[in-house]
Amino acid sequence: MKIIPLALLALTLYGCSPKPQTQQAPPPPALPVAAIASGTQTTYQEYPASIEGTVNVEVRPQVSGTLDKVFVDEGAFVSAGEPIFKINEQPYRAALNNALASLHAAEAAAGNAQLEVDKLTPLVENKVVSDYQLKTAKAAYQVAKANIESAKANVATAEINVGYTLIKAPVSGYIGRLLKKQGSLVTPQDVEALTQLSDVHDVHVYFSLGEKDFISFKEQYPGETLKDKLKRLPLVSLVLADGSEYAKQGKIDVIDGQFDKTTGAITIRANFANPQGLLRAGNTGKIRLSLQHTDALIVPESATVEMQDKVFVFALADSNKVKKVAIDILGKSGENYLVKDGVKAGDQIVLSGLDHLQEGEVIAPQKAADKVAALK
């Protein structure tokens with residue numbers, strides 16, 4: 001019987017105990033938002049490039065012989081016509097002397113033949129000898145004259161060969177590696193040239209564009225034909241191997257006539273002035289092309305997240321909910337992405353605090369700026 005009052009007492013005490021309070025939901029996070037703006041922006045793309053002199057000449061011997069002298073050193077600048085190598089000329093000098101002796105002999109034979117004609121002419125006129133003998137003498141004289149011409153040609157060839165023993169610079173430029181040293185035997189059939197000579201007062205920089213990039217490249221600039229477009233193309237920059245930018249800008253002046261079937265790319269040439277000779281044939285670098293985009297949508301890179309090779313922004317939807325939207329990036333200008341599709345001008349996007357933001361989450365938008373374009 002004592003158990004019942006104790007149970008009633010426990011129920012009374014439980015009824016008098018305070019009820020647990022319901023936990024309130026945290027306030028939505030306050031995040032900065034701004035409207036997407038559009039405008040004209042410039043993007044830059046870089047393409048691997050190779051540098052060559054406007055004139056690259058392989059210096060090769062025209063005659064065989066021993067290399068007697070080397071007048072220059074590797075890397076030296078030479079002017080057109082300046083001697084570079086000397087081949088032993090003695091065999092060719094002897095051949096020239098022999099050709100000259102043959103010429104003199106031919107001239108003497110022609111003189112004898114002329115005398116014979118002169119002797120027979122009056123005899124034929126007086127009918128002392130037959131006309132046949134005079135005709136034979138005249139024919140012999142013509143042969144003698146032909147022998148003179150042949151001997152002169154041999155002399156000229158011998159003189160040319162003697163001249164070939166002194167190898168001169170065909171153009172002004174810088175000497176490459178000297179693959180043959182003094183005392184080496186050289187021939188015109190050698191696989192390797194004696195050296196290379198590069199005229200680098202101006203340099204040609206070659207780079208390639210894939211088919212898609214080339215179509216985009218052509219569409220950027222006005223002109224009915226490629227020739228018209230070349231005249232209106234902006235100057236291009238050259239990024240050197242160390243990442244620095246070459247001080248002078250270049251001009252695209254040649255576009256190849258066809259695509260390479262192997263690589264699917266087309267070669268383009270830009271010309272750069274090189275008055276100080278800082279660029280040399282064989283250098284590498286990158287051509288930096290500028291492309292202008294009109295009415296491009298501008299989105300700060302910091303306002304995007306990348307997932308599975310796609311780039312997203314959090315757009316502000318109804319009731320201050322955020323929606324994750326994939327965007328199609330056209331290019332990059334500074335710290336901004338240029339967007340082709342996915343959003344439109346005037347859309348509100350979240351600028352920061354994206355790490356913990358979830359699809360459909362409600363936020364307290366804070367107007368960070370009127371236009372995203374101001375955030376550069």
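Residues take their numbers from the sequence shown, with the count starting at 1. Note that the structure is a prediction, hence the values are computed from the model and not measured.
Enclosure of atom NZ in K127 is not indicated, since only 12 or fewer non-hydrogen atoms of other residues, nucleotides or ligands lie within 6.0 angstrom. Within 6.0 Å of the NZ atom in K323, the count of heavy atoms belonging to other residues, nucleotides or ligands does not exceed 12. The neighbour count for Q258 CD, taken as heavy atoms of other residues, nucleotides or ligands under 6.0 Å away, does not exceed 12. The number of heavy-atom neighbours closer than 6.0 Å to CD of E359, taken from other residues, nucleotides and ligands shown, is above 12. Crowding of Q90 atom CD: a count of heavy atoms from other residues, nucleotides or ligands under 6.0 Å not exceeding 12. Few gaps surround NZ on K86; more than 12 heavy atoms of other groups in view lie less than 6.0 Å from it.
A donor-acceptor pair under 3.5 Å links the side-chain atoms of T225 to the main chain of D228, judged by distance alone. Judged by distance alone, the side chain of N126 and the main-chain N or O of V128 form no donor-acceptor pair under 3.5 Å. No donor-acceptor pair closer than 3.5 Å links the side chain of K344 to the backbone N or O of D341. Distance alone, capped at 3.5 Å, places no donor-acceptor pair between the Q196 side chain and the E58 backbone. Panel note: side chain K251, backbone L230; a donor-acceptor pair is recorded below 3.5 Å. The main-chain N or O of N88 is never found under 3.5 Å from a side-chain atom of T165 such that the two would form a donor-acceptor pair. Here the side chain of N274 pairs a donor or acceptor atom with the backbone of L278 at under 3.5 angstrom. Side chain of N283 to backbone of L279: no donor-acceptor contact under 3.5 angstrom is found. Under the 3.5 Å distance criterion, the side-chain polar atoms of E361 are matched with a main-chain donor or acceptor of Q358. Side-chain N or O atoms of T136 include one that pairs as donor or acceptor with a backbone N or O of Y132 at under 3.5 Å.
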task = Take D199 and S172 through the side chain to side chain donor-acceptor pair (under 3.5 Å) test and state the conclusion after the steps.
result = CA-CA 6 Å; D199 181 359; S172 298; over 6 Å; no

message = Walk me through whether N112 and E116 qualify under side chain to side chain donor-acceptor pair (under 3.5 Å).
response = CA-CA 6 Å; N112 289 333; E116 186 68 15; over 6 Å; no

task = Check the pair T157, N154 against side chain to side chain donor-acceptor pair (under 3.5 Å), reporting the backbone distance first and the verdict last.
result = CA-CA 5 Å; T157 301; N154 291 335; 5.3 Å; no

inquiry  = Show, in sequence, the C-alpha distance, side-chain angles and deciding distance for F312 and K310, and conclude whether the side-chain contact (heavy atoms from CB on, under 4.5 Å) test is met.
reply    = CA-CA 7 Å; F312 297 87; K310 293 184 178 181; 3.7 Å; yes

request  = Could you please spell out the steps behind the side chain to side chain donor-acceptor pair (under 3.5 Å) verdict for S150 and N147?
outcome  = CA-CA 5 Å; S150 177; N147 289 337; 5.9 Å; no

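Tested against I175, the residues I84, L194, D73 include a single side-chain contact (heavy atoms from CB on, under 4.5 Å) partner, I84. The one candidate from K286, Q249, E46, R288 that meets the side chain to side chain donor-acceptor pair (under 3.5 Å) condition with S237 is Q249. Of the options T267, T263, D260, a side-chain contact (heavy atoms from CB on, under 4.5 Å) to S208 is made by T267 and by none of the others.
To the nearest 0.5 Å, the span separating CG on L238 from OH on Y246 amounts to 8.0 Å. With values rounded to the nearest 0.5 angstrom, T187 atom OG1 is found 11.5 Å from Q62 atom CD. Between K367 atom NZ and L351 atom CG the span is 10.5 Å, to the nearest 0.5 Å. Atom-to-atom distance recorded for Y141:OH and L134:CG is 13.5 Å, nearest 0.5 angstrom. Residue D253 holds its CG atom at 4.0 Å from CZ of R269, rounded to the nearest 0.5 Å. Atom CD of E335 is separated from atom OG of S302 by 7.5 Å, given to the nearest 0.5 angstrom.
Hydrophobic clustering of Ile, Leu, Val, Met, Phe, Trp and Tyr side chains at less than 4.5 Å, counting indirect connections, unites F259 with I287. No single ILVMFWY cluster, assembled from side-chain heavy atoms under 4.5 Å apart, contains both V205 and V239. By the rule that hydrophobic residues join a cluster once side-chain heavy atoms approach within less than 4.5 Å of another member, I167 and I160 end up as members of one cluster. L197 and V72 fall within the same hydrophobic cluster, where Ile, Leu, Val, Met, Phe, Trp and Tyr residues are linked whenever their side-chain heavy atoms come under 4.5 Å apart, directly or through other members. Residues I255 and Y206 do not share a hydrophobic cluster, defined by chaining ILVMFWY side chains whose heavy atoms lie under 4.5 Å apart.
Side chains of I268 and D256 form no contact here, defined as non-hydrogen atoms less than 4.5 Å apart. Side-chain contact between T195 and F85: present, with at least one pair of heavy atoms (C-beta onward) separated by less than 4.5 Å. Here the side chains of D355 and V305 are not in contact, with every heavy-atom distance at 4.5 Å or above.
Between S352 and P32 the shortest heavy-atom distance is OG-CG, 3.1 Å. Considering every non-hydrogen atom in both P61 and I87, the closest pair reads CB-CD1, 4.0 Å. Residues L354 and V350 share a closest heavy-atom pair of CD2-CG1, 3.6 Å. Across every non-hydrogen atom of A110 and A144, the tightest pair is CA-CB, 3.3 Å.
For K248 and F272, the positive end is not near the middle of the six-membered ring at less than 6.0 Å and at most 45° from its axis.
Listed by chain and residue number, F77 satisfy the ring pair (Phe, Tyr, Trp, His ring centres under 6.0 Å) test with H201 (two or more places apart in sequence, or in another chain). Listed by chain and number, the residues in a side chain to side chain contact (heavy atoms under 4.5 Å, CB included) with K152 are L103, I148, E149 (sequence neighbours excluded).
Using a cut-off of 4.0 Å between Lys/Arg side-chain N and Asp/Glu carboxylate O, R60 and D190 are scored as not salt-bridged.
Taking the six-membered ring where the residue is Trp, the centroids of Y164 and Y92 are separated by 6.0 Å or more.
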